[in-house]
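Here is the structure we will look at, set down as structure tokens.
Basis for what follows: all heavy atoms, side chains included, without hydrogens, waters or symmetry-related copies.
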Amino acid sequence: MASSVHRITWSGSSKAETFAAPSGTTIIFNKEGDDCDTYVGGDPYSSTAYVIPSHDGVLTFSSSNCDVELKVNVTSTNYTQSENYYKESLSLWPSNCGALGYLSELYASQSLFLKASETMSTLCTTCGKDSESGVYAKEMFVEAGENLPEECVKIWGVDWTFPEGGETFLEGFDGVVVGEILKFDWSGGHDVYLMESVQKAAECDFEGAVDLGSVSGAKYRVDAEDDGSRLAFACGVGQHCENGQRIVVGVGDYGGGDLSGDVFVGGVGGVEEGGGEEEEEEEEEDEDEEEAEPVYNMLGSGEGSTLVSPVRILISMLALGLMAVGL
């Protein structure tokens with residue numbers, strides 16, 4: 001069903017009766033030989049057809065060279081009529097990106113996000129995720145805190161395996177924004193958890209972690225609470241976490257912190273953040289002990305024992321041997 005159309009005689013001296021019409025109504029001015037110009041709300045309008053936009057109150061049409069006038073009391077949008085109009089357009093041209101976008105906006109403006117999501121899914125599949133026809137509908141989803149269909153957002157693929165070269169974490173990445181999806185793919189026996197913090201991921205502490213699934217293809221959609229933070233994920237199977245199956249992801253403006261995770265790792269291959277000076281001193285002492293010349297106690301371990309080097313021991317043994325021969 002097409003939008004409503006009103007044909008108005010626009011000539012001579014006529015005062016059309018005021019009528020009510022919703023936004024989207026088309027008014028056609030039949031001039032019947034008289035060259036009457038048209039003004040809408042005081043502004044000149046050159047076309048003979050006018051589609052009423054979203055407007056509150058009375059819309060006045062007039063002419064500067066003819067004694068004609070029309071007043072239209074614009075009512076609220078006729079959603080059913082508009083929906084039928086867009087659906088009719090799509091029945092004739094299913095890949096009409098504009099109609100898909102407008103229909104999505106129509107549903108979203110009424111908070112009918114299930115219908116809007118279905119239409120947006122078709123729009124993004126047919127016209128692309130970055131289609132300009134879906135811009136305003138996407139904004140409505142974001143403002144309402146609703147999730148866009150997966151076909152309309154970027155999906156980040158994560159190769160969920162073990163790191164190479166003895167690394168303690170998989171290589172992290174950033175650039176992820178709210179609403180986008182992280183998808184974990186693997187082969188073999190794994191699972192994936194959203195950890196409470198990067199520190200807990202480094203410690204493989206799964207207390208408070210959220211189980212995202214044990215089947216390859218597990219997904220996590222980044223929400224508004226994640227914006228400006230670092231998300232950590234880990235595998236909870238066996239010793240997989242300790243063997244490096246974990247990753248850190250930066251969301252939005254997260255401050256540019258470390259994404260390798262190594263800075264948090266203590267006993268699993270890295271240095272714990274803010275390592276103490278005592279550990280460094282102990283290491284230096286160990287090195288000094290290794291470099292010191294080994295000594296031996298020849299006369300026992302009690303007080304007053306004499307410590308001599310291996311060379312002096314050898315000389316002493318030779319001396320004792322000569323003394324024995326002499327005897």
Can you find a pair of side-chain heavy atoms, one from [X] and one from [Y], that are under 4.5 Å apart?
| X | Y | value |
| --- | --- | --- |
| Ile52 | Ile27 | yes |
| Met120 | Cys124 | yes |
| Ile181 | Lys154 | no |
| Leu194 | Tyr220 | yes |
| Val74 | Val58 | no |
| Leu59 | Val40 | yes |
| Cys152 | Lys138 | yes |
| Asn30 | Ile8 | no |

If two hydrophobic side chains count as joined below 4.5 Å and joins carry through other members, does [X] share a cluster with [Y]?
| X | Y | value |
| --- | --- | --- |
| Val68 | Tyr45 | yes |
| Trp160 | Val215 | no |
| Val192 | Val222 | yes |
| Ile155 | Phe141 | yes |

Report, as yes or no, whether the 6.0 Å neighbourhood of atom [atom1] on [X] holds more than 12 heavy atoms from other residues, nucleotides or ligands.
| X | atom1 | result |
| --- | --- | --- |
| Glu132 | CD | no |
| Tyr102 | OH | no |
| Glu171 | CD | no |
| Tyr136 | OH | no |
| Asn73 | CG | yes |

Any chance you could lay out the disulfide (SG to SG under 2.5 Å) test for Cys241 and Cys235, step after step, and finish with the verdict?
-> CA-CA 5 Å; Cys241 176; Cys235 180; over 6 Å; no
As an exercise, state the distance from [atom1] of [X] to [atom2] of [Y], rounded to the nearest 0.5 Å.
| X | Y | atom1 | atom2 | answer |
| --- | --- | --- | --- | --- |
| Leu148 | Phe113 | CG | CZ | 9.5 Å |
| Cys204 | Glu242 | SG | CD | 4.0 Å |
| Trp10 | Leu70 | CH2 | CG | 6.0 Å |
| Trp156 | Phe184 | CH2 | CZ | 12.5 Å |
| Leu123 | Ser131 | CG | OG | 5.0 Å |
| Leu112 | Leu114 | CG | CG | 9.0 Å |

Please step through side-chain contact (heavy atoms from CB on, under 4.5 Å) for the pair Phe169 and Val248, ending with a clear verdict.
-> CA-CA 8 Å; Phe169 272 72; Val248 182; 3.8 Å; yes
Show your reasoning for whether side-chain contact (heavy atoms from CB on, under 4.5 Å) applies to Leu182 and Lys219.
-> CA-CA 6 Å; Leu182 301 172; Lys219 298 174 183 175; over 6 Å; no
Is it the case that the side chain of [X] and the backbone of [Y] share a donor-acceptor pair, with hydrogens and angles ignored and the cut-off at 3.5 Å?
| X | Y | answer |
| --- | --- | --- |
| Asn65 | Asp35 | yes |
| Ser121 | Ser117 | no |
| Ser216 | Trp186 | yes |
| Ser229 | Asp226 | yes |
| Gln110 | Leu106 | yes |
| Lys31 | Cys36 | yes |
| Lys129 | Val153 | yes |
| Ser91 | Glu88 | yes |
| Asn243 | Gln239 | yes |

Taking all heavy atoms of [X] and all of [Y], pick out the closest pair and write down the distance.
| X | Y | answer |
| --- | --- | --- |
| Leu170 | Phe162 | CD2-C, 3.8 Å |
| Pro163 | Glu167 | CG-O, 3.1 Å |
| Gly179 | Arg221 | O-NH1, 3.2 Å |
| Leu103 | Lys87 | CD2-CG, 4.4 Å |
| Gly172 | Ile247 | CA-CG1, 4.0 Å |
| Glu203 | Arg246 | N-NH1, 4.4 Å |

Residue pair Val5, Ile28: steps toward the side-chain contact (heavy atoms from CB on, under 4.5 Å) verdict = CA-CA 7 Å; Val5 177; Ile28 298 178; 3.8 Å; yes
Decide side-chain hydrogen bond (donor to acceptor under 3.5 Å, both in side chains) for Glu118 and Tyr107; before the verdict, give the C-alpha distance in whole Å, the side-chain angles of both, and the deciding distance to 0.1 Å.
-> CA-CA 10 Å; Glu118 294 173 353; Tyr107 289 141; over 6 Å; no
Inter- and intrachain pairs under salt bridge (charged side-chain N to carboxylate O under 4.0 Å, His left out), touching residues 176-191, at least two apart | Lys183-Asp185
Can the ring centroids of Phe61 and Tyr50 be said to lie less than 6.0 angstrom from one another?
-> yes
Ring centres under 6.0 angstrom apart (Tyr193, Phe233) | no
List the steps and the verdict of side-chain hydrogen bond (donor to acceptor under 3.5 Å, both in side chains) for Asn96 and Ser89.
-> CA-CA 8 Å; Asn96 186 333; Ser89 298; 5.3 Å; no
Within 45° of the ring axis of Tyr254 and under 6.0 Å from its six-membered ring centre, is that where the NZ or CZ of Arg230 lies?
-> no
Between Thr125 and Glu151, does a side-chain hydrogen bond (donor to acceptor under 3.5 Å, both in side chains) hold up when you go through it step by step?
-> CA-CA 6 Å; Thr125 301; Glu151 293 81 1; 5.0 Å; no
Given side-chain contact (heavy atoms from CB on, under 4.5 Å), test Thr9 with Phe29 step by step and report yes or no.
-> CA-CA 6 Å; Thr9 299; Phe29 299 94; over 6 Å; no
